[in-house]
J.: 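Please see the structure below; I have some questions.
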Amino acid sequence: MTPVRLPLLSEPESGPLLSTAQTAYLNHLRFVAMTCRVKPRTGLFEACALLQTEKSTTLDAHAEALMRCLNEAMGKPTRLHTPGTDEMTFDERWLVQLGIACARADQASCDFLLRSRIARENRRLVGFLVGHIADCFSLT
């Protein structure tokens with residue numbers, strides 16, 4: 001008996017397509033994460049206390065604080081690809097969805113996403129950081 005091979009009825013799903021602004025947001029976080037690899041990890045509260053208030057340095061300061069503390073806030077190492085990679089990890093999809101929810105001011109989605117992965121004591125600060133980063137991009 002010979003096996004029957006059926007052709008694929010549809011193309012395999014490659015994942016959600018991101019807008020240009022969403023791709024820029026994700027690649028910015030990836031780039032900042034790469035630069036933070038050589039820097040020492042810091043506590044979330046300490047990093048937020050050191051944030052800049054000047055408009056020109058706000059985006060980088062918030063993104064660096066988030067990337068330096070994200071492992072602590074999640075309780076495990078996060079996985080991020082290099083900038084420009086089309087494939088996304090689960091952590092990257094979560095960051096994009098959280099950024100979109102913050103940009104839409106969708107508090108219910110923000111709360112859900114933060115509760116799903118972030119320790120209770122860190123949720124407010126992670127939400128604050130992602131919200132300020134998302135404000136610099138047109139994610140909606």
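Keep in mind that this is a model prediction, so the values were computed, not measured.
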J.: With sequence neighbours excluded, what pairs up with R104 under the salt bridge (charged side-chain N to carboxylate O under 4.0 Å, His left out) test?
T.: D106
J.: Can you give the donor-acceptor pairs under 3.5 Å from side chains of residues 24-32 to other protein atoms, not counting sequence neighbours?
T.:
{"from": "Y25", "atom 1": "OH", "to": "L95", "atom 2": "O", "distance (Å)": "3.1"}
{"from": "N27", "atom 1": "OD1", "to": "R30", "atom 2": "NH1", "distance (Å)": "3.2"}
{"from": "N27", "atom 1": "OD1", "to": "G84", "atom 2": "N", "distance (Å)": "2.8"}
{"from": "N27", "atom 1": "ND2", "to": "T23", "atom 2": "O", "distance (Å)": "3.3"}
{"from": "H28", "atom 1": "NE2", "to": "D60", "atom 2": "OD1", "distance (Å)": "3.4"}
{"from": "R30", "atom 1": "NE", "to": "E92", "atom 2": "OE2", "distance (Å)": "2.7"}
{"from": "R30", "atom 1": "NH1", "to": "T85", "atom 2": "O", "distance (Å)": "2.8"}
{"from": "R30", "atom 1": "NH2", "to": "T85", "atom 2": "O", "distance (Å)": "3.4"}
{"from": "R30", "atom 1": "NH2", "to": "E87", "atom 2": "O", "distance (Å)": "2.9"}
{"from": "R30", "atom 1": "NH2", "to": "E92", "atom 2": "OE1", "distance (Å)": "2.9"}
{"from": "R30", "atom 1": "NH2", "to": "E92", "atom 2": "OE2", "distance (Å)": "3.3"}

J.: If you measure from CD1 on I133 to CD on E64, what distance do you get to the nearest 0.5 Å?
T.: 11.0 Å
J.: Find the distance between CE (M88) and CD (Q22) and round it off to the nearest 0.5 Å.
T.: 8.5 Å
J.: Show every side-chain hydrogen bond (donor to acceptor under 3.5 Å, both in side chains) that has at least one partner inside residues 129-138, sequence neighbours left out.
T.: none
J.: Is it possible for you to say whether L70 and M34 belong to one hydrophobic cluster, with membership spreading through side-chain heavy-atom contacts below 4.5 Å?
T.: no
J.: Taking all non-hydrogen atoms of both residues, which atom of A134 and which atom of L139 are closest, and how far apart?
T.: CB-CD1, 3.7 Å
J.: For the CE atom of M74 and the CD atom of E72, what is their distance to the nearest 0.5 Å?
T.: 12.5 Å
J.: Under 4.0 Å between a side-chain nitrogen and a carboxylate oxygen: does that hold for R117 and D91?
T.: yes
J.: Looking at L129, T35, L80, which hits side chain to side chain contact (heavy atoms under 4.5 Å, CB included) with M67?
T.: L80
J.: Rounded to the nearest 0.5 Å, how far apart are CH2 of W94 and OG1 of T89?
T.: 11.5 Å
J.: What pair of heavy atoms forms the shortest contact from A101 to L113, and how long is it?
T.: CB-CD1, 4.3 Å
J.: Could you tell me the separation between the SG atom of C102 and the CZ atom of F128, rounded to the nearest 0.5 Å?
T.: 11.5 Å
J.: To the nearest 0.5 Å, how far apart are SG in C36 and CG in N71?
T.: 10.5 Å
